[in-house]
Amino acid sequence: MQEPAITDALIEAHGLKPEEYAEILRILNREPSFTELGIFSAMWNEHCSYKSSKKWLRTLPTEGPQVICGPGENAGVVDIGDGQAVVFKMESHNHPSYIEPYQGAATGVGGILRDVFTMGARPIAAMNALSFGEKDHPKTRQLVHGVVEGIGGYGNAFGVPTVGGETRFHPAYNGNCLVNAFAAGLADADQIFYSAASGVGRPVVYLGAKTGRDGVGGATMASAEFDEGIEDKRPTVQVGDPFTEKRLMEACLELMQTGAVISIQDMGAAGLTCSAVEMGDKGGLGIRLDLEKVPQRETAMTAYEMMLSESQERMLMVLDPAKEAAAKAVFDKWDLDFAIVGETIAEDRFLIMHNGEVKADLPLSKLSSSAPEYDRPWEPTEPPAPLEDVPQVDPIDALRILIQTPNYASRAWIYDQYDSQVMADTVRTPGFGAGVIRVHGTGKMLAFTSDVTPRYVAANPVEGGKQAVAEAYRNLSAVGALPLATTDNLNFGNPEKPVIMGQFVGALQGIGAACRALDMPIVSGNVSLYNETDGQPILPTPTIGAVGLISAGETPILGQARDGHVALVLGETAGHLGQSALLAEVFNREDGDAPAVDLAAEKAHGTFIRAHRDWIRACTDLSDGGLALAAFEMAAASGVGVQIDSDDTAQLFGEDQARYLIACNFDAAEALIIAAGQAGLVLSSVGRFGGETVRFGRSEAPLADLTALWRGSLEAVFG
């Protein structure tokens with residue numbers, strides 16, 4: 001087949017800037033072939049190269065005594081003691097999910113699961129962080145249904161429990177939803193598998209499902225803004241098969257026990273191209289591929305299509321040749337393809353052959369580690385104007401408005417579509433704080449959470465970045481878990497705009513400061529830029545996924561409030577209403593500054609909660625909606641009323657940070673207040689649990705009525 005001529009239009013269609021194409025000409029000292037242009041496009045796009053973010057990602061803390069493997073591999077690896085490790089990562093599938101919601105979300109789940117079991121870990125938990133447009137936008141209902149069904153359809157069939165996450169709605173996501181998928185797995189700490197190829201002349205083996213034309217150009221599509229031609233991008237969305245992925249996982253984990261695996265890499269973004277290049281580059285080797293040996297499910301596929309296909313459920317491996325027969329037997333048993341498609345070579349070459357014809361011959365190191373890196377101009381975000389006075393409101397009326405909005409109604413309609421109990425180790429299901437999973441066969445537990453408040457980040461990127469990490473820290477501490485490490489999913493608009501780049505820089509400064517102060521290094525993550533449509537960007541949304549450990553012998557804080565329990569608040573309440581949920585939902589205002597984050601107080605308060613777990617029956621952090629929403633949600637989860645002494649709007653709905661709501665019996669409350677005083681901390685009694693009403697000061701309503709409203713509101717909109 002005749003390859004098309006390289007034209008300016010073709011170069012632009014591949015997402016390459018004129019200066020980037022000029023650099024390609026300089027590297028090659030010739031014009032690239034069509035296949036070579038596609039390979040450069042795949043490896044140098046934003047999604048694969050991190051060319052706008054590398055400079056700032058290097059500033060994040062990535063090391064600690066608990067870290068076995070930090071960023072740069074398929075997933076991060078953290079020691080949890082007893083020779084075990086937790087392997088986890090979060091990654092975006094935003095653009096595909098907007099174009100084709102079901103498959104976009106489903107293959108996002110499939111991709112993150114492969115990132116985990118590629119490292120030799122069996123997945124034990126999943127989460128998702130979803131951002132949609134306003135409820136009345138004509139696209140939102142289709143996106144919500146497609147994305148939720150895609151996540152459930154893939155994760156449920158694969159057999160991994162979904163234990164947490166978050167969902168938000170805001171007009172800024174009308175033209176560009178966000179689908180961030182998280183997965184975690186367990187592995188033996190001395191049995192982690194990496195992607196760096198080693199040894200010259202070793203077989204490069206293709207594993208899993210066959211290659212088709214789905215997803216060709218997907219990574220390049222994910223590195224560009226949307227416009228009126230969005231529907232033309234539908235063929236770039238992959239199609240997933242969770243049952244094939246389940247077999248692929250079992251085959252890979254069995255294969256790893258044979259000693260045959262030298263290195264292994266998931267075929268995700270940019271498919272065969274990215275997996276082969278990364279394996280070779282990390283190992284300082286070249287790779288030769290013979291494409292006629294690639295298992296194909298469609299006829300007459302070109303070299304360009306095979307190299308850029310993002311067909312799902314595929315792996316690439318460098319094999320110990322002495323173990324070839326044993327390795328092939330494993331994949332034959334699981335009825336999956338096993339094909340030697342090339343070999344490692346000593347030269348710095350990425351040599352692509354198809355039926356004896358050279359389709360690409362490139363210096364491999366120039367494709368990955370030598371990809372462009374930009375120091376984009378950036379402008380700091382202007383400080384918000386001071387918040388004007390917020391009038392006093394009837395607190396029950398305000399609560400009633402909050403719990404009817406899509407942002408603060410119960411998420412049960414969503415998470416009930418996910419299997420949270422498969423594998424039978426789930427201790428705490430979605431719906432209230434961090435999810436908790438038993439480490440099977442041990443006395444340990446792992447806690448998982450996902451957090452960010454985009455309106456804070458938009459108003460004040462530095463404090464908003466800190467807050468995302470701090471809230472994750474609090475969610476883990478509130479169940480008695482020691483926060484171990486984080487993964488980030490950095491969703492922003494077009495980085496070529498200095499204002500957007502300034503949001504990114506500020507958020508990373510805040511995230512880095514919080515991760516250092518709270519001993520929660522970043523061990524993996526993903527950057528998703530160009531999230532905008534027709535020039536309208538999303539809210540800056542740097543999602544933080546975090547993992548914590550409850551050691552054997554430690555009691556998790558998973559109880560409920562009971563009649564007669566005292567309600568205590570740990571931390572100072574000044575009544576900060578800037579950028580608050582109350583302001584946004586009740587007054588339709590997004591003004592004022594984000595709340596300041598005192599990282600020393602965050603650490604001291606989290607440490608106090610974990611140290612005094614035996615006196616605490618139920619605990620939650622205070623975030624969106626402040627004390628009022630937290631007290632109601634704890635009451636609704638416990639099936640018991642709550643009476644808070646104050647009816648002051650700022651005291652009830654303020655979103656001051658570093659605070660926890662605690663329920664405990666009277667004797668424990670006295671002991672906690674004494675202990676807090678001795679530690680120099682503020683711990684105050686604010687009311688009690690009991691009865692059948694929710695009362696703030698003198699304003700009250702039946703708990704049953706409010707709970708029914710809260711539980712039914714989201715389904716009433718989307719069900």
Side-chain angles (χ1 to χ4, degrees), residues 60 88-92 125-131 162-170 178-182 184 407-408 411 415 428 430-436 446-458 460-479 481 483-491 507-508 510-515 517-518 520-526 539-548 579-581 594-595 597 599 602-603 605-606 609 619-626 629-630 633 655-661:
L60 294 173
F88 64 95
K89 187 182 183 183
M90 183 172 255
E91 195 159 72
S92 62
M127 295 191 296
N128 53 79
L130 312 176
S131 301
T162 297
V163 299
E166 54 184 343
T167 306
R168 68 182 55 84
F169 299 85
H170 191 280
L178 301 182
V179 175
N180 295 172
F182 170 100
N407 278 315
Y408 301 108
R411 298 290 184 260
Y415 61 70
R428 191 185 219 183
F432 191 68
V436 181
L446 288 168
F448 305 95
T449 187
S450 166
D451 298 286
V452 68
T453 308
R455 64 180 182 276
Y456 291 174
V457 188
N460 188 327
V462 176
E463 292 302 312
K466 286 183 193 174
Q467 192 275 340
V469 178
E471 186 172 347
Y473 179 87
R474 292 197 301 270
N475 275 330
L476 297 176
S477 296
V479 297
L484 292 178
T486 57
T487 179
D488 57 4
N489 203 148
L490 307 172
N491 308 274
L508 261 70
I511 289 168
C515 287
L518 301 175
M520 296 170 70
I522 301 271
V523 298
S524 59
N526 169 245
L539 290 179
T541 311
T543 309
I544 298 295
V547 177
Q579 299 300 328
S580 65
V597 179
L599 294 171
E602 295 283 4
K603 189 165 189 179
H605 294 174
I609 292 289
C619 184
T620 182
D621 84 303
L622 301 192
S623 51
D624 285 43
L629 189 58
E633 289 181 346
E655 296 180 7
D656 308 278
Q657 300 295 293
R659 296 186 301 155
Y660 296 81
L661 174 64

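Residue Gln467 forms a side-chain hydrogen bond (donor to acceptor under 3.5 Å, both in side chains) with just one option from Thr453, Asp451, Asn460, and that option is Thr453.
For Ser131 (side chain) and Leu178 (main-chain N/O), no donor-acceptor pair under 3.5 Å exists by modelled atom type. Using modelled atom types, one side-chain atom of Asn526 and one backbone atom of Ser92 make a donor-acceptor pair closer than 3.5 Å. When atom types are taken as modelled, the side chain of Thr487 and the backbone of Gly545 share no donor-acceptor pair closer than 3.5 angstrom. Without hydrogens or angle criteria, Thr486 side chain to Met520 main chain gives a donor-acceptor distance under 3.5 Å. Using a distance-only test at 3.5 Å, with no hydrogens or angles considered, a donor-acceptor pair links the side chain of Glu655 to the main chain of Ala581.
In terms of heavy atoms, Gly626 sits closest to Arg659 at CA-NH2, 4.2 Å. Summarising the geometry of Ala470 relative to Val597, their closest heavy-atom pair is CB-CG1, 4.0 Å, with the distance given to 0.1 Å. Minimum interatomic distance between Cys619 and Tyr660 (heavy atoms only, all atoms of both residues): SG-CD2, 3.8 Å.
Thr620 places a side-chain heavy atom less than 4.5 Å from the side chain of Phe432. Considering only heavy atoms from C-beta on, Ile511 comes within 4.5 Å of Pro542 through its side chain.
Partners of Ser623 by side-chain hydrogen bond (donor to acceptor under 3.5 Å, both in side chains), not counting sequence neighbours, listed by chain and number: Glu471.
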